Colleague: 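The structure is given below, and queries will be raised subsequently.
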Amino acid sequence: MICVLGALLLACSQEYTKEVKIIPRPLELIENDQVFTLDKHTNVVFETDNEAVVKVKTFFLRELSRLVERTVQQGKEVRDNNQIKILFNDSLDIESYILKVTEKNIVIESSSYGGVIYALQSLKQLILVNNVSIKSKVYIPGVSIKDSPAFAWRGFMLDVVRHMQSVDELKKVLDYMADLKLNVFHMHLSDDQGFRMEIESYPLLNEIGSWRVDYNTSDENINAYWGRPEQQEGEKATYGGYYTKKQLKELIQYAAERNIQILPEIDVPGHARAIIASYPELSCSQSKTYVATGWSRLNNTLCPSNEACYELMDSLIAEVAEVFPMPYIHIGGDECYRHYWEEHAQCQDFMRINNLKDARNLQSYFIHRMEEIVSANGKEMIGWDEILDGGLAPNATVMSWRGEEGGIKAAQMNHDVIMSPASYHYFDFKQGQSSYEPNLGYAQSLLSKVYAYQVIPEALNKDQEKYILGTQANLWTESISDWSKLTYMVFPRLYALAENAWTHNENKNWDDFINRLKFHLDLMDQKGIRHAKSVFNPWLHHEGNGKEIKVWFTSEITDPVIRYTLDGSLPNGQSAIFTDTLRLHKTTDLQAAIFDGDKLLGQVIQEHFIVHKAAGSEVRLIKGDTESDIQSITDLCYGELLQAGDEHWVQMNTDCLIEITLNKPQDINKVMIHSLRHTLHGLYGIARFEVFAEMNGQFKKVGDTGKIGENYMQGRNIMQNSIECELKEVRKIQVKLYKVDPIPEKHAAGGKESYMKIDEIVVL
Ligand code: ACM
């Protein structure tokens, strides 16, 4: 009786879910109503002696055991049930697999090492839907999967130069990639800010080239990479390092176990400042230089008319080829500043002698020489799409990053292509509304945008399509100074990349992806992996008209339930649901978030909307130069951080004096101004401001910030400065704004004229 009752209770409480949440979505997936129960008697049997398949044994058993938190043994013989059977099936394409889960057994079929690895990854995701911890039995939902990747190249690039990651961190990256069936890990090993591979033939590449003066910052609000000071004589270069060949070989082995190949990139002839700092004779100027501390174009280009460059490349590429078994070597080729060559007599002579029409042809000459070197080492060359400039080398593969055009052009010329257009697949871009994201990126690539990417460009015909090997995403690490920032920028976009690369286009579905993704993000929460929830944040829009602020929300997900509060309290599952535009007539603390029932899906977005005393007041520009509508500085429209084309910012090109006539006499306690900084381009915060109030027909100075030191620094963010005052019954004020003048010589925009952008003069 007790037994029967126990069984009934078990059946009713249902210990497991049968939901299947695999990412990337398999080609064919049929769920059945059975469940396989993995327990201490379950074992794994290899019903084949095919070498490729059997090679997976150790890794398979170790991974499965780790996941189910007990040792799963290899079975000695085939039996009828409670077994995971691995079979060789030579009718399946490379990397394809079949995975069948029934009540009795689990059967995996493949023709390759990779096929078994991918079956294991799908099996792991099936196992994870029933949280395995603390359970003596693991329930695996019944399915029949037949799966095959859409593209052979499924890559992820990590910039290990701008910030360097430890070998253990790189192994974690490889684990994440393996989970999602990605198979090429592209390491960007050299750039202006460091050289990251041990090279024996040219040891200064490591002694000098691997180190820079440390201006790293962990601050997620100030993004100053693009304006760091250059290293000075006598300063010590303390940040950096390089991967030894032993470490790289260990990584390559670790990756290979997971069916991932590692693609090395040595970026030349531009982005070569670390090489030039090590061997200054290789640049046109031949002058001493330092490894760049941050963004820089200074003296960072090799001199193609100097044979010594090719001698170094010969040795360097030979060492790279010896360490990395992948059949390709990436030689960069991007963003090369050719003016160094245009101004160099030796390069000009070289071009004449070699019949090279212009500097583009000289670049192409250099890339052709690189291809010869790469090819002499038994490898094929890949380069960024700039290698098309001046004529493509005969066997080059093109990695298209400046949009799709380079990839389209190369495929039309019958060259292999990897599509990696920045606007979709650059993970250093922000993945949500700028003001509510950590200030780590400089443009936007939302999850929905990444997911919408179609790898095969429409411009290609059927014959040309075959040159598209696949796709990859890239994480440039200028602002990624630690692991938590890295995982934040990568997740969840890596899931979308994986589905673009693996899942056939007709099987992609945004709503279904989001539904599966929620489960994976919950797992990440459980493991404490920082990731963006931005796709589940409401997008907050507003428009002021000087009287009120209209506020509305949109969302990347379909039919979100957006709840909000206007009283400073945190929204919860009972808060008001947003249906129509809100109208704010007074200063309001707005908070909003997307909910699934009571569950908060993303973050709570908070905004302090100020309806201030000068709202809608008449504005007059007494002195100064602006092309914007000056009246809009009292219209209650506030600017967003680095939002391209945000017209809420009023641009001031000179110092200026602005007069505001309040609609009625007011008591004033404070005048506050936000200014936008993007100092790389000369946009600085306000250098100083003064406030004057009209008293008895005369304007009298009532406040002065003095020189605002922090606004003379470099960065990309919004600054807020204010003046406190105590004024009664004021009708008119004047605000005098001073711009940064001159821009400090050593700044990125040194020598240029600065300008300012403010959104509103807030009078409180
Ligand atoms: C690149 O982003 N310069 C390849």
Side-chain angles (χ1 to χ4, degrees), residues 153 155-163 184-196 223 225-226 263-276 292 294-298 300-302 328-340 360 363-364 366-367 370 381-390 392-393 396-410 415-431 440-445 449-450 453 469-480 486 489-490 493 497 680 748:
W153 187 292
F156 174 64
M157 187 218 78
L158 184 61
D159 167 7
V160 298
V161 171
R162 275 52 176 268
H163 286 98
V184 178
F185 179 46
H186 170 172
M187 289 176 79
H188 181 75
L189 285 164
S190 78
D191 212 304
D192 299 325
Q193 299 77 12
F195 193 93
R196 298 272 176 259
N223 190 331
Y225 173 83
W226 281 264
L263 172 71
E265 179 188 350
I266 303 295
D267 199 351
V268 284
H271 283 280
R273 181 121 159 238
I275 300 176
I276 291 167
W295 183 88
S296 168
R297 292 177 176 181
L298 218 65
N300 73 343
T301 305
L302 296 177
Y328 294 98
I329 291 178
H330 197 307
I331 57 84
D334 59 319
E335 296 182 314
C336 170
Y337 298 113
R338 293 186 283 251
H339 70 90
Y340 293 114
R360 279 160 55 90
Q363 181 168 343
S364 172
F366 181 92
I367 300 292
M370 286 305 296
M381 185 184 81
I382 301 184
W384 299 109
D385 56 59
E386 286 94 331
I387 65 170
L388 283 152
D389 289 359
L392 193 51
T397 296
V398 171
M399 199 168 261
S400 191
W401 75 279
R402 294 176 301 176
E404 295 180 282
E405 295 72 25
I408 292 169
K409 205 163 148 198
H415 280 253
D416 285 342
V417 169
I418 295 127
M419 297 302 287
S420 193
S423 58
Y424 292 95
H425 276 182
Y426 266 32
F427 288 179
D428 46 325
F429 291 7
K430 289 184 182 181
Q431 50 199 317
L440 299 173
Y442 50 91
Q444 262 166 350
S445 186
K449 174 135 194 223
V450 179
Y453 180 55
L469 302 184
T471 187
Q472 75 173 40
N474 304 322
L475 179 62
W476 301 100
T477 57
E478 289 92 347
S479 307
I480 312 300
L486 186 150
M489 296 306 263
V490 164
R493 289 185 287 197
L497 166 74
L680 178 66

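Both counts, for ligands and for their atoms, begin at 1 and track the order of listing. As the structure is a computational prediction, the values presented were derived from the model and not from experiment.
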Colleague: Are the ring centres of Trp476 and Tyr225 closer than 6.0 Å?
Modeller: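 Between Tyr225 and Trp476, which both carry aromatic rings, the centre distance is not below 6.0 Å.
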Colleague: Taking both backbone and side-chain atoms of His271, is any N or O found less than 3.5 Å from an N or O belonging to ligand 1?
Modeller: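 N/O-N/O distance below 3.5 Å does not exist for this pair.
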Colleague: Would you check if Leu189 and Val160 make a side-chain contact, meaning some heavy-atom pair closer than 4.5 Å?
Modeller: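 Yes, their side chains come closer than 4.5 Å.
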Colleague: According to the interplanar angle, ranging from 0 to 90°, do the rings of Tyr328 and Trp153 count as parallel (below 30°), tilted (30 to 60°) or perpendicular (above 60°)?
Modeller: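 Judged by the thresholds at 30° and 60°, the geometry between Tyr328 and Trp153 is perpendicular.
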Colleague: Is the distance between the ring centroids of Trp401 and His425 less than 6.0 Å?
Modeller: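 Centroid distance Trp401-His425: not below 6.0 Å, so no.
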Colleague: Taking 4.0 angstrom as the limit and counting only heavy atoms of Trp384, give me the atoms of ligand 1 inside it, by number and element.
Modeller: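 Near Trp384, meaning under 4.0 Å from one of its heavy atoms, ligand 1 has 4 (C).
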Colleague: State the atoms of ligand 1, each with its element, that fall below the 4.0 Å cut-off from a heavy-atom position in Tyr426.
Modeller: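 This gives 1 (C), 2 (O), 4 (C) as the contact atoms.
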Colleague: Do the rings of His330 and His186 sit parallel, tilted or perpendicular, given the 30° and 60° boundaries?
Modeller: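 Plane angle between 30° and 60°, so tilted.
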Colleague: At less than 4.0 angstrom from any non-hydrogen atom of Trp476, what atoms of ligand 1 do you find?
Modeller: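 In order of number, 1 (C), 2 (O), 4 (C).
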Colleague: Considering distance alone, does some N or O of Asp334 sit under 3.5 Å from an N or O of ligand 1?
Modeller: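 Such a contact does occur with ligand 1.
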